[in-house]
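Heads up, the thing below is written out as structure tokens.
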There are 2 protein chains.
Amino acid sequence: MPLHDLATIDVADAHPPGPAIERTTSTHCGTCAARYIGLCDALSAVDLQELADAACWCSLPKGRILMAEGDRILYFFNISAGHAKLYKDMQDGRRQVIGFVSAGSFLGLGTQDHYGFTTEALDEVQFCRFERRKLRNLFTRFPALELHLLAATCNELVVAQAQMLLLGRKTAIERLATFLLGWVDPSAGGGDPDSIVLPMGRSDTADYLGLTNETVSRSLTLLRKRHLIALNGDQNITIVDPVALRAVGDGVAK
Amino acid sequence: MPLHDLATIDVADAHPPGPAIERTTSTHCGTCAARYIGLCDALSAVDLQELADAACWCSLPKGRILMAEGDRILYFFNISAGHAKLYKDMQDGRRQVIGFVSAGSFLGLGTQDHYGFTTEALDEVQFCRFERRKLRNLFTRFPALELHLLAATCNELVVAQAQMLLLGRKTAIERLATFLLGWVDPSAGGGDPDSIVLPMGRSDTADYLGLTNETVSRSLTLLRKRHLIALNGDQNITIVDPVALRAVGDGVAK
DNA sequence: CGTCGCTTTGATTAATGTCAATAGAGGTGG
DNA sequence: CCACCTCTATTGACATTAATCAAAGCGACG
């Protein structure tokens, strides 16, 4: 093995991009957890099969990098299970998490040649991978695909604009209140709709909210002491008083 | 005139939405300053004429509102001249400017029923207005239109993500350096490409960067004293040392 | 039972906001 | 043409929020 190959491995270990575990089950869509959400829900079974023929199913373990900021864009991704964080880093180590994605999210659109952020798995992530050069053809073949992606991108932009208000103008406790309400799933059936399970730790939350993990922790403690939330372990949080929490998040209540 | 009409007028005066000056010149596209940028550049002359038949040309004076956050989305806009700021307000008056637009920008896309931000003219703004309900038809008639808007929206998202890093993690002086470099126009022909003219004042800049106008002023003074920029009046700024300014904006230099 | 990683809490510092006053530019009218 | 007025920008003094540095608590796991 030549030396430059060893160097490549060293880099890979320091910043584990490693190979994803790839699966090639061609009948995957029928059993996919994301069949009726996001992109795939916009297509008929027949169209979906044709789309699936252009895809490659993959799985990525917790902590691994799906794509790194600055990498050449070769693929698009459609998440089918699990959670990932998207972030941008500065040279001195400051990090801004620009979003979290879960089943149904699409990644990699854009006119740029290189990815604008890094995507890292927060737990076991499953996804479909498409080649970038095939996308234009897919658009002409499946107009619903393009329309769905336009709508999805517009929605992402709306979320990004709300996050700009949060990062630019809200206080620490307002940021936490807003953040927590964003994880409430109104479609939660049997379970308590006001009980949420965060897929990330305090540091990732801090990097998303433009704070430190200490400030996140202190703000959560404050919300708990005011009986707006309850903490059941680190990742499991119950919204005790959604109305009051909303007021805090909107800056109406102190 | 009943009392509730007077009330409406009072609100209108406090927050001037007033009627835009409308023009109906049907041959406007041929002389439009934005004919070869943005949306219109993506269409042929024949298609553009058809698109133009669905549009209404308007002009809006400085300080007037093109659309207000929360208003029902009835129209889409394509800016052909001038500048506007886009912002979101909190109930207690805190404001976050989420972007500035100029000729070629398209406004009003999204799946929401209501505009997510307010758009206010910074100088005399000219624009075309389309009815929202006609857009879907325009997409099927002009696929290039949809493709252009998807690309434009993706680019907006990339800009928004960079802004999240700025708002969440950069210091005041880093924000100013990054902001100023964003106004450098590499296509500036005859004039000095490193001389920029900002269409907004210090307070709007502050609301965009998540700072106060005092901090913006202090940071500009600091950049000037370090000979990275020169101030020629309030709105006209010369980038004296683009390389060093980039280093400050990226957090590499103090 | 001890270690490792993450969270929480405490003490102190630094950056930016707030409040206040001055300076400067542009416009208006005498 | 100049004095005045108004609006914005700049500068200064002080207050406040969240970051930093440090240590203790807590749970998972070997």
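Reminder, nothing fancy here: chain letters follow the sequence lines and each chain counts from 1.
- Comparing the start and finish of the helix from dC1(C)-dG30(D) to dG30(C)-dC1(D), five pairs each, the helix axis swings through 30°, to the nearest 10 degrees.
- Counting only N and O atoms by type, the side chains of Thr178(B) and Lys170(B) include a donor and acceptor under 3.5 Å apart.
- With Arg95(A) as the partner, the side-chain hydrogen bond (donor to acceptor under 3.5 Å, both in side chains) test is satisfied by one option alone out of Asp207(A), Asp204(A), Thr118(A), Asp89(A): Asp89(A).
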| message | side chain to side chain donor-acceptor pair (under 3.5 Å) for Asp194(A) and Thr238(A)? Distances and angles first, verdict last. | response | CA-CA 6 Å; Asp194(A) 288 337; Thr238(A) 303; over 6 Å; no

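- Screening Leu220(B), Leu228(B), Val248(B) for a side-chain contact (heavy atoms from CB on, under 4.5 Å) involving Leu180(B) leaves a single residue, Leu220(B).
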| remark: Readout for nucleotides 6-19 of chain C: B = base within 4.0 Å of protein heavy atom, S = sugar-phosphate only, - = neither; 5' to 3' it is -SBBBB----SSBB

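- Judged purely by distance below 3.5 Å, without hydrogens or angles, the side chains of Tyr87(B) and Glu120(B) pair a donor atom with an acceptor atom.
- Proximity of a side-chain donor or acceptor of Gln235(A) to a complementary backbone N or O of Ile196(A) within less than 3.5 Å is not detected.
- For the atom pair Ser195(A) OG and Ile237(A) CD1, the distance stands at 9.5 Å (nearest 0.5 Å).
- Because its NZ or CZ atom is not both nearer than 6.0 Å to the ring centre of Phe77(B) and within 45° of the ring axis, Arg129(B) does not count as a cation-pi partner of that residue.
- Looking at Glu69(A) and Lys88(A), a side-chain N of the basic residue comes within less than 4.0 Å of a carboxylate O on the acidic one, giving a salt bridge.
- Glu174(B) and Arg94(A) are joined by a salt bridge, as a carboxylate oxygen and a charged side-chain nitrogen come within less than 4.0 angstrom of each other.
- When DNA chain D is scanned in the 5' to 3' direction for atoms under 4.0 Å from non-hydrogen atoms of chain B, the outermost contacting nucleotides are dA9(D) to dA13(D).
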